[in-house]
Amino acid sequence: MSFALKYAPTRLDDVVIGSQTLKNRLSDYINDRDLKPLILHGGVGTGKTTIANLLPDAIESKKAEVTRLKAVEFNSINDVIQAFGDQTMFYQVFTINDQKRNYIISNEINFTPKAAIAFRDVIDDMIGHTQFIFTTNYIDQVDIALRDRSNCLAVPPVTAKDWLSRAQWILQQEGIALPDDQLLKVLSAQLQISSSNRKLLERLEDFVRSVRNPPSNPGGIIELAPIPEPINPLMAA
Ligand SMILES: Nc1ncnc2c1ncn2[C@@H]1O[C@H](COP(=O)(O)OP(=O)(O)OP(=O)(O)O)[C@@H](O)[C@H]1O
Ligand SMILES: [Mg+2]
């Protein structure tokens, strides 16, 4: 199993977050201080979908039921009406599973302009009881009125230092011990190439593989260097 799957965070606390602003704003949601739709935006692989998936559990303090939308379904006003026509009524009266709120998560939100306008009404009807969480790589392309109704929160790239303790934990799970400064070098080198944490986990996986199977020695057999003969000064004379 790839490291991105094997070591995918299972709780919000596992997610490597460098930005204090992001941490504070997520705490606002967890502590019921903010109920506006949330749009998590940023570069590829920074953890937007992971945060979107784990935030409802953190708000509910238990595994939360969520509804996931596929943006491709929203090409017309009819698509929006079909998806939400009944649900707006349903959600106004009930929450699933005795939850504080209902949750609707959507990765990418490229509605056609008409569908986006219909969606504004849906948001206005549901905002009191339903937490919308969107993720996108392209915040500029999100409907301006949806942005206006939402909190747009950047999920910025993290630093090698931010990753250090989780990366050490991962290496520990793999039975590998590496001093912090050496691990920091591996992490920084990768983060200079890409700010994707998905790619960082791939790099860590390669690293673990190379420690187990050094490249110069594909069979993994440890070759001992020939031990030099001790020099006998009498013989040399
Ligand atoms: N901040 C993070 N902390 C820990 N692991 C992370 C983090 N971000 C990403 N990952 C790892 O990378 C994988 C992909 O992350 P995720 O899908 O959340 O990124 P994304 O920002 O939604 O990417 P995209 O922009 O491609 O949609 C996760 O399963 C997880 O293993
Ligand atoms: Mg994503």
Side-chain angles (χ1 to χ4, degrees), residues 1-27 29-30 37-59 63-64 66-74 103-111 131-142 146-147 150-174 176 178 180 183-184 186-209:
M1 192 197 295
S2 78
F3 272 22
L5 277 181
K6 187 172 178 186
Y7 294 113
T10 53
R11 300 168 315 135
L12 203 55
D13 286 344
D14 297 336
V15 182
V16 179
I17 297 178
S19 156
Q20 194 54 48
T21 315
L22 178 57
K23 282 185 192 163
N24 293 345
R25 301 301 287 276
L26 293 175
S27 292
Y29 279 92
I30 294 165
L38 176 61
I39 304 180
L40 297 163
H41 63 96
V44 287
T46 53
K48 301 173 296 297
T49 300
T50 305
I51 295 172
N53 288 336
L54 297 175
L55 183 59
D57 297 351
I59 295 173
K63 189 93 202 103
V66 303
T67 303
R68 278 165 229 278
L69 297 183
K70 287 210 171 10
V72 285
E73 287 167 359
F74 298 98
Y103 298 91
I104 297 186
I105 299 180
S106 175
N107 285 310
E108 281 312 331
I109 26 180
N110 300 322
F111 299 105
Q131 180 65 60
F132 284 90
I133 309 175
F134 304 102
T135 78
T136 181
N137 299 124
Y138 308 103
I139 187 69
D140 298 345
Q141 292 175 19
V142 175
L146 177 55
R147 270 186 276 158
S150 309
N151 268 323
C152 300
L153 252 187
V155 182
V158 290
T159 64
K161 257 193 172 166
D162 296 328
W163 255 105
L164 184 62
S165 66
R166 183 153 178 91
Q168 276 297 18
W169 176 79
I170 290 173
L171 289 188
Q172 206 184 330
Q173 303 309 300
E174 298 293 321
I176 288 169
L178 191 71
D180 281 356
L183 180 54
L184 274 172
V186 175
L187 297 171
S188 329
Q190 175 57 34
L191 289 171
Q192 271 167 23
I193 300 169
S194 163
S195 56
S196 164
N197 297 321
R198 194 184 280 125
K199 287 274 177 268
L200 187 93
L201 284 166
E202 279 176 22
R203 175 72 194 92
L204 218 50
E205 191 172 352
D206 284 348
F207 178 79
V208 167
R209 207 174 292 129

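Both ligands and their constituent atoms are indexed starting at 1 by order of listing.
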Enquirer: NZ of Lys23: more than 12 outside heavy atoms within 6.0 angstrom?
Expert: yes

Enquirer: Taking NZ, NE, NH1 and NH2 as the nitrogens, is one of them in Lys48 or Glu108 under 4.0 Å from a carboxylate oxygen of the other?
Expert: no

Enquirer: Once rounded to the nearest 0.5 Å, what's the spacing between atom CD of Glu205 and atom OH of Tyr7?
Expert: 9.5 Å

Enquirer: With a cut-off of 2.8 Å, which protein N/O/S atoms are close to the Mg ion (ligand 2), if we only count those under it?
Expert: Thr49 OG1

Enquirer: May I ask you to decide whether Arg198 forms a salt bridge with Glu202, counting only side-chain N to carboxylate O separations under 4.0 Å?
Expert: no

Enquirer: Output the set of protein residues with a heavy-atom contact under 4.0 Å to ligand 1, ordered first by chain identifier and then by residue number.
Expert: Ala4, Ala8, Pro9, Val15, Val16, Gly43, Val44, Gly45, Thr46, Gly47, Lys48, Thr49, Thr50, Asn137, Trp163, Asn197, Arg198, Leu201

Enquirer: Enter the distance from Leu146:CG to Cys152:SG here, rounded to the nearest 0.5 Å.
Expert: 7.5 Å

Enquirer: Among Thr49, Asn53, Thr67, Leu38, whose side chain to side chain contact (heavy atoms under 4.5 Å, CB included) with Ile105 holds?
Expert: Asn53

Enquirer: Would you say Gln131's side chain and Ile59's backbone share a donor-acceptor pair under 3.5 angstrom?
Expert: no

Enquirer: Return the CD1 to OG distance between Ile139 and Ser150, rounded to the nearest 0.5 Å.
Expert: 8.0 Å

Enquirer: With a 4.0 Å cut-off, would you call Asp14 and Arg11 a salt bridge?
Expert: yes

